[in-house]
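Take a look at the structure set out below.
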Amino acid sequence: MDSNLSHLEFLEAESIEIIREAIAGAKNPVMLYSIGKDSSVMLQLALKSFYPASPPLPLLHVDTTWKFKEMYNFRNQIARDSGMELLVHTNQEGVKAGISPFTHSSNYYTDVMKTQALRQVLEIGGYDVILGGARRDEEKSRAKERVFSFRSEGHNWDPKAQRPELWNLYNTKLNNGQTMRVFPLSNWTEKDVWQYLLQEKISIVPLYFAKERPIVYRNETLIMVDDERIPLETGEKPQMKSVRFRTLGCYPLTGAIESNASTLEEIVLETMKAKTSEREGRLIDSDEAGSMEKKKREGYF
Amino acid sequence: MKNISEFLLNQYQKKTLRLITCGSVDDGKSTLIGRLLHESQNVFEDQLKSLEKDSEKFGTHKNELDFSLLVDGLKAEREQGITIDVAYRFFETEHRRYIVADTPGHEQYTRNMATAASNAELAILLVDAQKGILAQTRRHYRIVTLMGIRNLVIAVNKMDLVQYKENVFQKIDSDFRNLVLDHDLNQIQVIPISATKGVNITENDQTISFYSGPSLLEYLDQLQIRNSSNNLKVPSSQESSFRMPVQRVIRPDESYRGFSGRIASGSVSNGDLVKILPSGVQSSVRSVDFWKNSISNASKNTSITLTLEDEVDVSRGDVICAYEDPPEIADQFQVDLIWMSKEPLIPGRQYLMRLHQQEVNAQVTRIRFKEEIETGKHLAAETLEMNEIAQINLSTNRPVVFEPYSSNRLMGGFIIIDKMNFDTVGAGIIKFALRRSSNIHWQKLQVNKVQRAKQKMQTPKCLWFTGLSGSGKSTIASLVEKKLHADGIHTYLLDGDNIRHGLNRDLGFTNEDRVENMRRISEVAKLMVDAGLIVIVSFISPFRAERQMVRELFDPSEFLEIFVDTPLEECERRDTKGLYAKARSGKLKNFTGIDSVYEPPESAEIKLNTITSKPEKCVDMILEKINIF
Ligand SMILES: Nc1nc2c(ncn2[C@@H]2O[C@H](COP(=O)(O)OP(=O)(O)OP(=O)(O)O)[C@@H](O)[C@H]2O)c(=O)[nH]1
Ligand SMILES: [Mg+2]
């Protein structure tokens, strides 16, 4: 774009503008916090947007209870350091029903523990503007979504009827019951995120850095044995492998990659050379063609 | 890349180009983007694998990869083989980084194309070699120019289907050059390609023997983007003045009050004198803050927070700007508008208008004309349907701070929102203000209207005579001037017939030409009023809407509409110039009162009856009413 700013500076300035607009148009905003690297960037941008005031919205973690242990530790640390309120919500009905990614299909599991859970807490909290860290480079249907993405009553996304969105003019107007999902990182790529984490020295969950970890193979994917809930075949023994994660989610559904990159610098260089996409490690997205769009229509983030 | 610092430096220096693909249905836009991603090595292995699967399932060509499926990501798009909404894709080459927006060709989804175009610096307009330039090609081209994109690539696609023939390419090339003739484009490149065969995408391998220019990607990589992103007229080297619309007041406690926003143009430093608009209050910058640092200065596009030396009233929507060169403030505008809703535009209805951070009520006071896409002709219109483009007058319920879109995209582009369902129903660009609430630019002038008038010891006015041909306008107007002149008043008489011999000799008598005729005369009259003169205009001025427009150009106390109300029969009976006879016999077309309408004024300041009153009496009536000393 304009010559006076570097690429990252431009993206940062654009995202801050978006965050401020989201808040200006909101009655009751909330920011989804998934503990991943994109959430770390989002948090940093939110802090920058309102400094020296504290960001005028709480963080919300929709917890499936199946995240990596290190993610929970990191989340609690962040809640202390950021000075922001952190809300946590779990679909208790799902927990009672014993929904597990090991016994149920990833589709069903995701619907109950993520999509339903999110819809529940949005209803309970009455949030009208929900900020999230999704990026357009992640997936084909995300590449189609507006920065300010309108949701009808019932949180549904209609990709054929998106509001026009011109220049940097965001129409944040809502009638009762309608909500807005806002994606300040829309124009960022995975490479940008890593470079920004490096530039800003932002702390992220240690799982992103390569380390020897106990690994088993599931569906050609490297799954880390994070706790005893993972069913092992008789005689199966986790192997120690130097791995890291490009993206973090529920541990049973998140594939690691073999790597020795243990610093942000090394990760940035490795990302440059990557031959596969970031989401290859996510089992839930490859379920069925068009699965992300379907989930999004139903209210998934 | 050897080491991290070298890599980061390279990344730091690499510029981003935001571009769109556009053009008619099925011209191959999505296929081209998919190809471009693939050939520039920006498709991951797993994505390529699913493309193979998808191509089998949805692909349009047997046993070939269908690259459009890399981009058309929605279920409905893949099933129908069309693009519905914009896809944003990111890729980079050795030379630059690209954000590409692939837009839909279907007319129904034009609003999505406009969405993408609003943020683009370059457009690739595709033309199917077999079909040539179609209505939708023209529509997209029009939107590209409307949005101020001045870098254009015409990709003549599907050259494989015309055996790479030169004459096919040349025909489209010359058709296109005719189309762009009257537009101010920085650069335009026409490239023959085949998206499916990968011809001329990343390199020119001489498959197309007659074309020796650069391939598409070679061209994009080396292109100098001359216009900066939101300042289209001013070269980026030339610094424009500081403007920052305020997004939010940041107030953590009593000790800090900061105004945050993103700089729309220029730069700001500690100590700078600034003005806050619309209030006009002055202050100076205490600090330019970003995050935990006071950065002492910042330039265009950065998101910052300013603190000021004085306790001034500033809120969201205000604009903090350079003291010596503030933007304009106005509540009446001439704008270009594209309508994007199934519900037609209704002039007079209140809509919400969003212009940077300002939100106001606005109504269309007049549709000046709408554009016929096929021919570019200007058509009269009562309303606008979806996807129509028009030039309109817009009026807001309170003054807004703005700049013409041509000098600043961010201060001159706006959207229209329906007040009931909150849909975004229109988008427009401000061309200029019709009436200035206050134009601070002009305060800078050494001599102004008031001073000029004072020297002449008179109050400038515009006396606008309207009425049928032969009603007596010229006779009375001329007597008025004579009388005023004898009294030592500085006057000028603009007579419709005389002006048609000079300034307006290129205009005929169609409605469009009459409107233009009127516009020019009114602008001239306005300049003369500004010069301090009493301007007398004698001019049929048949249309109410145009007379309203003229009125809007002047301050209310400056303008007097004088209706010379002589009935048609009487004018025809007098027929001093023999024109009615000619018109009646069909020798004269578009004659007002015969085969072209005259809309009588409803609230003229002065109404004259030339049957009951002699011209001298009429002159007295007028002189009584005006107050010029
Ligand atoms: N032979 C040939 N076919 C092409 C070429 N480019 C595109 N096509 C075919 O044209 C059809 C339409 O291509 P798309 O890329 O979907 O067209 P589009 O312009 O994106 O269409 P919309 O987005 O719906 O307006 C597909 O069947 C393509 O395979 C080309 O260079 N040569
Ligand atoms: Mg397409």
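Since the structure is predicted, the reported quantities are computational estimates derived from the model, not experimental observations. Chain letters run A, B, ... following the sequence lines, proteins first, then strands; residues in each count from 1.
Only the backbone of A:Tyr170 comes within contact range of chain B, with at least one heavy atom under 4.5 Å from a heavy atom of that chain. In this structure, chain A has a heavy atom under 4.5 Å from the backbone of B:Ile304, while its side chain stays farther away. Within the 4.5 angstrom heavy-atom criterion, atoms from both the backbone and the side chain of B:Lys292 approach chain A. Residue contact with chain B, scored on non-hydrogen atoms closer than 4.5 Å, involves the side chain of A:Leu198 exclusively. Within the 4.5 angstrom heavy-atom criterion, only side-chain atoms of A:Glu9, from C-beta onward, approach chain B. Both the backbone and the side chain of B:Tyr12 come within contact range of chain A, with heavy atoms under 4.5 Å apart. B:Glu359 touches chain A through its side chain: at least one heavy atom from C-beta onward sits under 4.5 Å away, while N, CA, C and O do not. A:Leu8 does not touch chain B: none of its heavy atoms, backbone or side chain, sits under 4.5 Å away. Only the side chain of B:Gln47 comes within less than 4.5 Å of a heavy atom in chain A; its backbone stays farther off.
Between the side chain of B:Ser118 and the backbone N or O of A:Leu166 there is no donor-acceptor pair closer than 3.5 Å. Between the side chain of A:Glu17 and the backbone N or O of B:Ser303, no donor-acceptor pair lies under 3.5 Å. Between the side chain of B:Asp46 and the backbone N or O of A:Thr276, no donor-acceptor pair lies under 3.5 Å.
The CG atom of A:Asn187 lies 7.5 Å from the OH atom of B:Tyr88; values are rounded to the nearest 0.5 Å. Summarising the geometry, atom CG belonging to B:Asp423 is positioned 6.0 Å from atom CZ belonging to A:Arg163; distances are rounded to the nearest 0.5 Å. Atom OG of A:Ser49 and atom CD1 of B:Ile250 lie 8.0 Å apart (nearest 0.5 Å). To the nearest 0.5 Å, the span separating CZ on B:Arg354 from NZ on A:Lys173 amounts to 8.0 Å. Distance check, rounded to the nearest 0.5 Å: CG of B:Asp85 to CD of A:Glu145 gives 10.0 Å. Between atom OG of residue A:Ser186 and atom CD1 of residue B:Ile99 there is a gap of 10.5 Å, rounded to the nearest 0.5 Å.
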Working for salt bridge (charged side-chain N to carboxylate O under 4.0 Å, His left out), residues A:Glu21 and B:Arg316: CA-CA 10 Å; A:Glu21 285 307 283; B:Arg316 179 176 160 83; 2.9 Å; yes

Derivation of the side-chain hydrogen bond (donor to acceptor under 3.5 Å, both in side chains) call for B:Gln11 and A:Gln195: CA-CA 9 Å; B:Gln11 285 286 308; A:Gln195 284 177 46; 3.2 Å; yes

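Closest approach of B:Phe44 and A:Ala274 over heavy atoms only: CE2-O, 3.4 Å. Summarising the geometry of B:Thr424 relative to A:Asn171, their closest heavy-atom pair is OG1-ND2, 2.8 Å, with the distance given to 0.1 Å. Of all the heavy atoms in B:Leu69 and A:Lys140, the pair that sits closest is O-CD, 3.5 Å. Of all heavy-atom pairs between A:Glu293 and B:Lys75, the closest is OE1-N, 2.6 Å. The two atoms that bring A:Val268 and B:Phe7 nearest to each other are CG1-CE2, 3.2 Å, heavy atoms only.
Two rings, from B:Trp291 and A:Phe50, have their centers 6.0 Å or more apart.
Under the side chain to side chain contact (heavy atoms under 4.5 Å, CB included) rule, A:Lys144 has a single partner from B:Asn112, B:Ile84, B:Thr83, which is B:Thr83.
No side-chain heavy atom of A:His7 sits less than 4.5 Å from a side-chain heavy atom of B:Lys15. Taking 4.5 Å as the limit, some side-chain heavy atom of A:Lys160 sits within range of a side-chain heavy atom of B:Tyr109. Within the 4.5 Å cutoff, side-chain heavy atoms of B:Phe290 are placed close to those of A:Ile16. Taking the side chain as every heavy atom from C-beta outward, B:Tyr405 and A:Trp167 approach each other to under 4.5 Å.
Counting heavy-atom pairs closer than 4.5 Å to chain B, the top-ranked of the candidates A:Glu266, A:Arg20, A:Arg136 is A:Arg20.
A salt bridge links A:Glu14 and B:Arg18; the closest N-O separation between the charged side-chain nitrogens and carboxylate oxygens is under 4.0 Å.
Under the 6.0 Å distance and 45° angle rule, B:Arg262 counts as a cation-pi partner of A:Phe10.
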